[in-house]
Amino acid sequence: MCGIIGYVGDADETLSVLLDGLSNLEYRGYDSAGIAVGGDGLRVEKRAGELDALQTALDGETGDAIDGPVGVAHTRWSTHGPPTDENAHPHTDETGRVAVVHNGIIENYRELRDELEAEGVAFTSETDTEVVPHLVARELRAGRAPEAAVRTATERLAGSYALAVVVAGTDALFAVRHDSPLVLGVGEGESFVASDVPAFLERTRDVIYLDDDEFVRLDATGWTVTDADGDVVDKDVRTVEWEAEQTGKSGYDHYMLKEIHEQPVSLRQCISGRVDELDGRVTVEELDDLGSPETVQFVACGTSYHAALYGAQLLRAAGVSANAYYAHEYATAPAPLSGDDLVVGITQSGETADTLSALREASGRGAETLALTNVVGSTAARESDHVLYIRAGPEIGVAATKTFSSQLVGLNLLTAYLTDGGTERRLVDELRGVASDVQAVLDESTAADVVETFVDADAFFFLGRGFDYPVALEGALKFKEITYEHAEGFAAGELKHGPLALVTADTPVFAVVTGEGEAARKTIGNVKEVEARDAPVVVVTDGVADAGRYADYVLDVPTTDERLAPLLANVQLQLVAYHMAARLGRSIDKPRNLAKSVTVE
Ligand code: F6R
């Protein structure tokens, strides 16, 4: 996810504060970076790649000359347009008077860009962000003061944003947030805004957490926070107590836990601008020229393969022929393909060698390809005919969590698009609610207490049926990856065909039971079978089928559309795996023998 830092204070220190801030934000992941320092004029420097590239540009050209009492800086994680110097932030207006850094997605940027271009404004990047400096510049030209210009411009924006803006000739910084994080740091004679506290923690521990639609002005006299109407808001200044090594994790003990808790935000980002609440439509610009494939084949590995199994079920349930294949098996036993087929590679990294080679195989055999990925400009994205970005933001923990839930939402968008032109009122409504449903799971989960009773167990089984089946597999994979305990996931119906032989009083069974009807009823039958062998049973359920009454422990999820309930159940299983691994003292963010991106076959 992009990182922002803004500073107002000592002119001689602005550049070094911004560069230190950027390096403190590196943990969020980024593919380009830039700074703008303001005062009488405005100096902007930005580069694709690591911070070193920016530093080299500054050293080589203008570094010593850049000073001024106010500045903004940014680490970019691409969403609109690949990582290039032009697409890096800050973005400026045509005169170079206004510089903007942004975290989030401007949903109506296309319409705003068309409007501005019709007025003759020339754009220099492919980003959604660039509309903002042009809008601010237009307001300045209309005679507004800088603060009023920024306020008026942001009123035009739809979507999610944390913005920091500097205007040449003004020793002040303006910032505003809407559905994207922004904190204010209060120092001695200096103040900061940032996406996250670590950006400025070396200089101050006093912070103000901003709420949605609050507007900040920082200048030499200090800071002012106002609401959307311009009325001053009283804010509490809190002192952050975290230890330095926790800061990149925003106070969480592990990146994995932080990323599990980021899911409400990452899911909002995934659907941002893609579901219309008014007409109940799914609209995904990237898929506009996709056509209507005869058959969809998914290729993927690991967690992404579980998403693939889910995606294939979604499409089949909607009447489209679809199958999921392990990418590494795909070339060995190729499925029949015709030119009307679509092959979808699901890969959060976009770099998994097995998945790339399956996509190349499919392409070579004449199929159209689509990459469902998190990384803009990744190999899968570049080589495929179409790309659907899941916008989960960078994931640092090796075990995939937020990328999996965003893959599931991405697959719902794809299915809605391929099957009914994207109109499905109920799904759209429930997709809009999925972030708060995940938040409810995070707030109320008792997973930590449940696992406490199983620390001496011999093995762990996870079962589910229908849409719950891929989640059972994923629950087991996550569990084994980070606890190093034996865990097995299987389709509930397979129980009697073998795994039941392993079930004892020392093998807890996690049964995922969501929705009502035949599948839930049958899984409850399987729950009774394992109970009869004295296995402790944990049911992860939305309560619809009343499965909880047969369980020793229940992990609840809110009721939603049957296609989204497994996503919520999976959040409970992520927490189960995490808390067990924490209890056992495992290396959670970097499990032994595993890598985040598997670039060899
Ligand atoms: C599990 C995990 C792996 C990946 C797999 C594919 O937590 O992260 O199983 O899912 O290596 O990776 P991507 O999605 O990058 O292709």
Side-chain angles (χ1 to χ4, degrees), residues 29 77 254-260 262-263 266 270 298-311 324-330 343-360 362 369-384 387-411 462 470-485 487-489 570-571 573-578 580-581 586-601:
W77 171 263
H254 298 94
Y255 282 110
M256 181 183 175
L257 189 60
K258 174 172 179 263
E259 285 155 5
I260 288 172
E262 278 172 355
Q263 288 175 111
S266 52
C270 183
F298 290 100
V299 290
C301 304
T303 291
S304 296
Y305 173 71
H306 301 149
L309 285 172
Y310 170 87
Y325 301 87
Y326 276 127
H328 34 85
E329 291 291 315
Y330 190 72
V343 175
V344 181
I346 306 184
T347 165
Q348 59 81 22
S349 63
E351 300 297 346
T352 298
D354 288 317
T355 309
L356 293 176
S357 100
L359 282 168
R360 286 171 193 148
T369 54
L370 165 76
L372 185 77
T373 185
N374 195 32
V375 182
V376 175
S378 58
T379 308
R382 282 185 278 110
E383 292 188 2
S384 299
V387 191
L388 178 56
Y389 290 115
I390 60 170
R391 303 175 180 166
E395 192 173 63
I396 292 165
V398 164
T401 52
K402 63 176 181 170
T403 51
F404 179 68
S405 55
S406 291
Q407 285 170 344
L408 301 193
V409 166
L411 288 163
F462 294 75
V471 165
L473 297 184
E474 175 59 11
L477 176 64
K478 212 82 329 177
F479 196 90
K480 72 180 81 161
E481 264 184 303
I482 61 167
T483 67
Y484 312 157
E485 295 295 314
E488 200 181 326
N570 183 61
V571 175
L573 295 182
Q574 292 170 347
L575 292 167
V576 164
Y578 173 82
M580 182 60 101
R586 306 299 191 222
S587 165
I588 292 180
D589 285 331
K590 290 189 181 150
R592 69 185 178 203
N593 309 336
L594 299 178
K596 185 74 188 156
S597 176
V598 185
T599 53
V600 288
E601 288 186 57

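Every number for a ligand or one of its atoms is a count from 1 in the order of the listing.
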Could you tell me whether ligand 1 has any atom less than 4.0 Å away from a heavy atom of T401?
-> no
K478 touching ligand 1 at heavy-atom level, < 4.0 angstrom = yes
In terms of atom number and element, which parts of ligand 1 are under 4.0 angstrom from non-hydrogen atoms of [X]?
X: E481; answer: 1 (C), 2 (C), 7 (O)
X: S304; answer: 10 (O), 13 (P), 14 (O)
X: A399; answer: 7 (O)

Using only heavy-atom distances, determine whether the side chains of T401 and Q263 contain a donor-acceptor pair under 3.5 Å.
-> no
Just go through T352, V375, T303 and tell me whose heavy atom is the nearest to atom 16 (O) of ligand 1.
-> T352
Quick check: does Q348 get an N/O under 3.5 Å from an N/O on ligand 1?
-> yes
Those residues that, when tested against F298, pass ring-ring contact (aromatic ring centres under 6.0 Å, His included) (two or more places apart) = none
With sequence neighbours excluded, what pairs up with A307 under the side-chain contact (heavy atoms from CB on, under 4.5 Å) test?
-> I346, F404, Q407, L408, L411
With heavy atoms and a 4.0 Å threshold, my read on which part of V398 contacts ligand 1 is backbone
Please report the C-alpha distance between K402 and E262 in whole Å, then the side-chain angles of each, then the deciding distance to 0.1 Å, and finally whether the salt bridge (charged side-chain N to carboxylate O under 4.0 Å, His left out) criterion is met.
-> CA-CA 7 Å; K402 63 176 181 170; E262 278 172 355; 2.7 Å; yes
Using 4.0 Å as the upper bound for N to carboxylate O, is an ion pair formed by R586 and E485?
-> yes
Main-chain N/O of M256 paired with D589 side-chain donor or acceptor, under 3.5 Å | yes
